[in-house]
Amino acid sequence: MGASQTDTHGAVVTRFAPSPTGFLHIGGARTALFNYLFARHHGGKFLLRIEDTDRARSTEPAIAAILDGMRWLDFEWDGEIVYQFARAARHAEAAQQLLDTGHAYRCFATADELEAMRAEQRAAGKPMRYDGRWRDRDPAEAPTGAPAVIRLRAPQTGSVTISDLVQGDVTVANAELDDMILLRSDGTPTYMLAVVVDDHDMGVTHVIRGDDHLNNAFRQLALIRALGWAEPSYAHIPLIHGSDGAKLSKRHGALGVDIYRDVLGMLPEAVENYLLRLGWGHGDDEFISREQAIGWFDLAGVGRGPARFDQKKLESVNGHYLRSADDVRLVELIAGRAEAALGRALVADDRDILQRSMPELKKRANNLNDLASGALFYLRIRPIPMDDSALRLLASAPDGLLGAAHGAFAGINDWTTELLDGAARRLAEDLGVKLGQVAQPVRAAVTGSTSSPGLFEVLETLGRNESLGRIEDALARTQQPEEGVTA
RNA sequence: GGUCCCUUCGUCUAGCGGUCUAGGACGUCGCCCUUUCACGGCGAAAACACGGGUUCGAUUCCCGUAGGGAUCACCA
């Protein structure tokens with residue numbers, strides 16, 4: 001890469017830099033979203049870097065999961081993915097440069113030695129920091145052949161202030177910072193070094209990340225200055241918390257975006273909208289399209305306090321997007337779930353009936369799971385299973401009602417919602433009962449449940465034969481235990 | 001514990017000195033619509049953490065207290 005990265009001429013360049021130690025979790029997704037939106041808003045670039053320098057914890061499946069999540073959410077990145085580990089030589093080169101210019105030095109302190117130092121500091125109630133024991137010591141004093149790390153010779157006086165785009169001006173005394181390790185004793189770069197070098201080489205102008213990195217920013221700035229490089233702008237966004245107010249982490253409540261998709265049945269645009277509104281707002285707007293988000297997004301509007309994740313609200317947002325989603329798309333999305341529940345593959349007729357019923361079905365669901373289970377009764381094969389409430393309703397329905405309804409419907413050849421509705425109302429009137437008295441037993445018979453979309457729409461969608469057949473099944477069922485009760 | 005950050009309804013937020021009897025959304029409750037369940041509509045309860053300042057006037061500015069958060073590795 002070298003110097004070519006400076007050819008961006010002030011254009012915005014952001015990056016999302018996850019470490020592939022697990023799935024793309026919801027907090028990471030939000031960081032990616034903000035980086036994506038900020039870059040697009042400014043007509044800049046959004047880069048992706050995989051921070052895989054921790055060889056023990058980085059895995060291929062994790063990389064695949066992260067990319068999968070990025071694609072699902074449609075966070076399209078620019079250019080090639082940068083794999084940090086592959087750039088180790090470049091990182092070492094930067095460390096050497098620092099060594100040559102006197103901005104870094106070798107430290108021969110052993111792990112045991114440092115542990116003892118910290119124990120002492122802890123006991124004395126002092127902050128635990130590297131005490132700079134090798135900072136000005138002659139390397140010749142080191143035991144021969146002893147392994148060494150390379151540390152940054154950081155400024156010890158004065159202070160650094162970062163004009164963070166989210167947090168505002170934040171100042172920390174240099175005395176609070178110690179000489180961080182740049183290169184481990186095995187010659188591999190630490191995160192601090194790798195991030196600074198990569199961000200520089202990639203031409204990153206705006207570092208937008210979780211505020212758990214705010215403290216790192218001060219040290220990284222010292223490193224950047226020692227290297228004589230341009231300083232990026234920083235924006236440290238608050239972490240997402242769980243409903244209990246504690247930080248959402250991989251071991252505490254943070255789920256991978258794949259879980260939201262596959263298990264919870266969320267739509268990507270809903271997850272995106274929810275994440276955007278978490279910690280950021282645009283007046284009273286609740287539903288914000290991708291296009292609007294790109295037009296409106298700004299870092300100054302991001303709150304500084306952590307926001308709690310609210311599953312109920314996500315469900316609600318999801319329900320909104322479900323209702324406005326394309327029916328063909330929804331059928332595809334629930335097909336797998338339906339097949340699993342039914343234990344058989346869906347055929348063309350199944351998809352056809354699902355699509356026709358989708359406008360009614362999607363008003364009743366807030367996620368794909370509920371949408372799929374709500375659609376199941378259309379696909380069942382006679383005799384359809386009945387849930388307990390349907391069985392109870394059928395058992396307690398006035399004698400002869402269901403049979404009478406069957407008779408009324410059987411007389412209809414032009415099987416439309418209007419005529420079915422009219423026939424049912426006429427029957428109810430003739431019998432002197434409310435429409436519900438007629439409709440509910442029929443609903444139970446036809447859907448196997450006491451709640452469903454509008455009954456006459458259901459009947460029309462199901463068709464004459466199937467509808468009458470299901471009513472006959474129910475009739476047969478109620479006649480068996482007690483004989484002779486039907487009219 | 002040191003350092004840094006934060007604090008408006010239960011939750012996400014609007015508010016950027018007077019427009020605040022503090023607005024919206026989710027959730028909760030009630031009503032309407034209605035063949036069920038939803039959707040939709042209407043309405044209700046619900047917040048400026050506390051104490052000092054500054055100011056003619058503070059939700060809005062400053063300080064303190066309390067509470068919450070982040071971070072202090074040869075992990076990222």
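Naming convention: chains lettered A, B, ... in sequence-line order (proteins, then strands); numbering from 1 in each chain. Because the structure is a prediction, the values reported are computed rather than measured.
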Asks: Does the structure show a Watson-Crick or G-U wobble partner for U55(B), both distances under 3.5 Å? Name it, or say none.
Replies: none
Asks: Using a heavy-atom cut-off of under 4.0 Å over every strand shown, decide if Ser243(A) touches base, sugar-phosphate, or nothing.
Replies: nothing
Asks: Name all pairs fulfilling the side chain to side chain donor-acceptor pair (under 3.5 Å) condition that reach into residues 424-435 of chain A, sequence neighbours left out, sorted by first residue then second.
Replies: Asp421(A)-Arg425(A)
Asks: Let me know the distance between CG of Leu431(A) and P of U35(B), rounded to the nearest Å.
Replies: 16 Å
Asks: Just the rounded figure in Å: distance from C1' of C12(B) to CZ of Arg30(A).
Replies: 11 Å
Asks: Identify all pairs in which a protein N or O lies below 3.5 Å from an N or O of nucleotides 22-25 of chain B, and state each distance.
Replies:
| residue | atom | partner | partner atom | Å |
| --- | --- | --- | --- | --- |
| G23(B) | N2 | Asp284(A) | OD1 | 2.9 |
| G24(B) | N2 | Arg277(A) | NH2 | 3.3 |
| G24(B) | N2 | Glu286(A) | OE2 | 3.1 |
| A25(B) | O4' | Glu286(A) | OE2 | 2.9 |
| A25(B) | O2' | Lys313(A) | NZ | 3.1 |
| A25(B) | N3 | Lys313(A) | NZ | 3.0 |

Asks: Residues two or more places apart in sequence or in another chain: which of them pass salt bridge (Lys or Arg N to Asp or Glu O under 4.0 Å) with Glu466(A)?
Replies: Arg470(A)
Asks: For Asp285(A), report the nucleic acid contact type (base, sugar-phosphate, nothing); a contact means any heavy atom under 4.0 Å.
Replies: nothing
Asks: Taking only the P atom of each, what is the distance from G27(B) to G2(B) in whole angstrom?
Replies: 43 Å
Asks: Report the residues that fulfil ring pair (Phe, Tyr, Trp, His ring centres under 6.0 Å) with His320(A), sequence neighbours left out, ordered by chain and then residue number.
Replies: Phe287(A)
Asks: Under a 3.5 Å cut-off for both distances, is A22(B) Watson-Crick or wobble paired, and to whom?
Replies: none
Asks: How would you list, by chain and number, every residue that makes a ring pair (Phe, Tyr, Trp, His ring centres under 6.0 Å) with Tyr130(A), sequence neighbours excluded?
Replies: none
Asks: Base contacts versus sugar-phosphate-only contacts with protein, heavy atoms under 4.0 Å: please encode nucleotides 38-51 of chain B as B, S and - from 5' to 3'.
Replies: BSS-----------
Asks: In this structure, how many angstroms lie between the P atom of U35(B) and the CD atom of Glu429(A), rounded?
Replies: 13 Å
Asks: Need the pair for U35(B). Rule: Watson-Crick or G-U wobble, both distances under 3.5 Å, any strand; none if unpaired.
Replies: none
Asks: Using a 4.0 Å heavy-atom cut-off across all strands, classify Pro238(A) as base, sugar-phosphate, or nothing.
Replies: nothing
Asks: Provide the distance between the two C1' atoms, one in C48(B) and one in A58(B), to the nearest whole Å.
Replies: 11 Å
Asks: Quick one about Arg209(A) and Thr31(A) (side-chain donor to acceptor, distance below 3.5 Å, no hydrogens or angles considered), yes or no?
Replies: no
Asks: Less than 3.5 Å apart, any donor N or O on the side chain of Thr171(A) or Ser159(A) sitting next to an acceptor on the other?
Replies: no
Asks: P atom, U59(B) versus U19(B): distance in rounded Å?
Replies: 10 Å
Asks: Whole angstroms only, please: what is the CZ-C1' distance between Arg308(A) and G27(B)?
Replies: 15 Å
Asks: Side chains of residues 110-119 of chain A: which donor-acceptor partners sit under 3.5 Å, not counting sequence neighbours?
Replies:
| residue | atom | partner | partner atom | Å |
| --- | --- | --- | --- | --- |
| Thr110(A) | OG1 | Glu113(A) | N | 3.1 |
| Glu113(A) | OE1 | Thr110(A) | N | 3.4 |
| Glu113(A) | OE2 | Arg133(A) | NH1 | 3.0 |

Asks: Would you sort out whether Leu322(A) and Leu368(A) count as a side-chain contact (heavy atoms from CB on, under 4.5 Å), showing the intermediate values?
Replies: CA-CA 8 Å; Leu322(A) 219 48; Leu368(A) 262 15; 3.5 Å; yes
Asks: Take atom C1' in C39(B) and the same atom in G18(B), then report the distance between them in whole Å.
Replies: 42 Å
Asks: Within the structure shown, what part of the strands sits under 4.0 Å from Phe456(A) by heavy-atom distance: base, sugar-phosphate, or nothing?
Replies: base
Asks: Would you kindly check whether a donor in the side chain of Ser452(A) faces an acceptor in the base of C37(B), or vice versa, at under 3.5 angstrom?
Replies: no
Asks: Give one of base, sugar-phosphate or nothing for Gly319(A), where a contact means two heavy atoms less than 4.0 Å apart.
Replies: nothing
Asks: Classify Val170(A) by what it touches in the nucleic acid, base, sugar-phosphate, or nothing, heavy-atom distance under 4.0 Å.
Replies: sugar-phosphate
Asks: Provide the Watson-Crick or G-U wobble partner of A45(B), both distances under 3.5 Å; none if there is no partner.
Replies: none
Asks: Return the nucleotide paired to U71(B): Watson-Crick means purine N1 to pyrimidine N3 with N6-O4 or O6-N4, wobble means G-U with N1-O2 and O6-N3, both under 3.5 Å.
Replies: G2(B)
Asks: Between atom CG in Leu177(A) and atom P in C72(B), what is the gap in whole Å?
Replies: 12 Å
Asks: Tell me which of Ala439(A) and Asn215(A) sits closer to the 5' end of RNA chain B, going by the nucleotide each one is nearest to.
Replies: Ala439(A)
Asks: Check for me whether the distance between the ring centres of Phe34(A) and Trp280(A) falls short of 6.0 Å.
Replies: no
Asks: Filter on ring pair (Phe, Tyr, Trp, His ring centres under 6.0 Å), then keep only pairs touching residues 176-198 of chain A, sequence neighbours left out; what's left?
Replies: Tyr191(A)-His213(A)
Asks: Dump every N/O contact between nucleotides 61-68 of chain B and the protein below 3.5 Å, one line per pair.
Replies:
none

Asks: More than 12 heavy atoms of other residues, nucleotides or ligands under 6.0 Å from CD of Glu120(A): is that the case?
Replies: no
Asks: Report the distance from atom CG of Asp310(A) to atom P of U28(B), rounded to the nearest whole Å.
Replies: 11 Å
Asks: Determine the interatomic distance between C1' on C62(B) and the same-named atom on A25(B); round to the nearest Å.
Replies: 33 Å
Asks: Which pairs, with at least one residue in residues 154-182 of chain A and sequence neighbours excluded, count as a salt bridge (Lys or Arg N to Asp or Glu O under 4.0 Å)?
Replies: Arg129(A)-Glu176(A), Arg135(A)-Asp179(A), Asp178(A)-Arg219(A)
Asks: For the side chain of Lys312(A), counting heavy atoms from C-beta on, which of C74(B), G27(B), U35(B) is nearest?
Replies: G27(B)
Asks: When the nearest nucleotide of RNA chain B is assigned to Ser451(A) and to Glu176(A) on a heavy-atom basis, which residue is associated with the more 5' position?
Replies: Glu176(A)
Asks: Restricting to salt bridge (Lys or Arg N to Asp or Glu O under 4.0 Å), what partner residues turn up for Glu457(A), sequence neighbours left out?
Replies: none
Asks: Is there a side-chain contact between Arg219(A) and the phosphate of U3(B), meaning an N or O under 4.0 Å from OP1 or OP2?
Replies: no
Asks: Round to a whole Å and report the spacing from CD of Gln220(A) to P of C72(B).
Replies: 12 Å
Asks: So what does Arg122(A) hit on the nucleic acid, given a heavy-atom distance under 4.0 Å: a base, only sugar-phosphate, or nothing?
Replies: nothing
Asks: For Phe108(A), check ring pair (Phe, Tyr, Trp, His ring centres under 6.0 Å) against everything at least two apart and list the hits.
Replies: Trp134(A)
Asks: Considering every strand shown, what is the Watson-Crick or G-U wobble mate of C9(B) when both distances are under 3.5 Å?
Replies: none
Asks: Pick base, sugar-phosphate or nothing for Thr188(A), based on heavy-atom distances below 4.0 Å to the nucleic acid.
Replies: nothing
Asks: Need one value for Leu278(A): base, sugar-phosphate or nothing, where a base atom within 4.0 Å counts as base even if backbone is also close, heavy atoms only.
Replies: sugar-phosphate
Asks: Nearest whole angstrom, please: distance from the P of C6(B) to the CG of Asp212(A).
Replies: 17 Å
Asks: Taking the P atom of each, how far is C26(B) from A73(B), in whole Å?
Replies: 45 Å
Asks: Please determine if Arg49(A) forms a cation-pi arrangement with Tyr83(A), meaning its NZ or CZ atom is less than 6.0 Å from the six-membered ring centre and no more than 45° off the ring axis.
Replies: no
Asks: Identify whether any heavy atom of Ala109(A) sits under 4.0 Å from a base atom; if not, whether one sits that close to sugar-phosphate; answer base, sugar-phosphate or nothing.
Replies: base
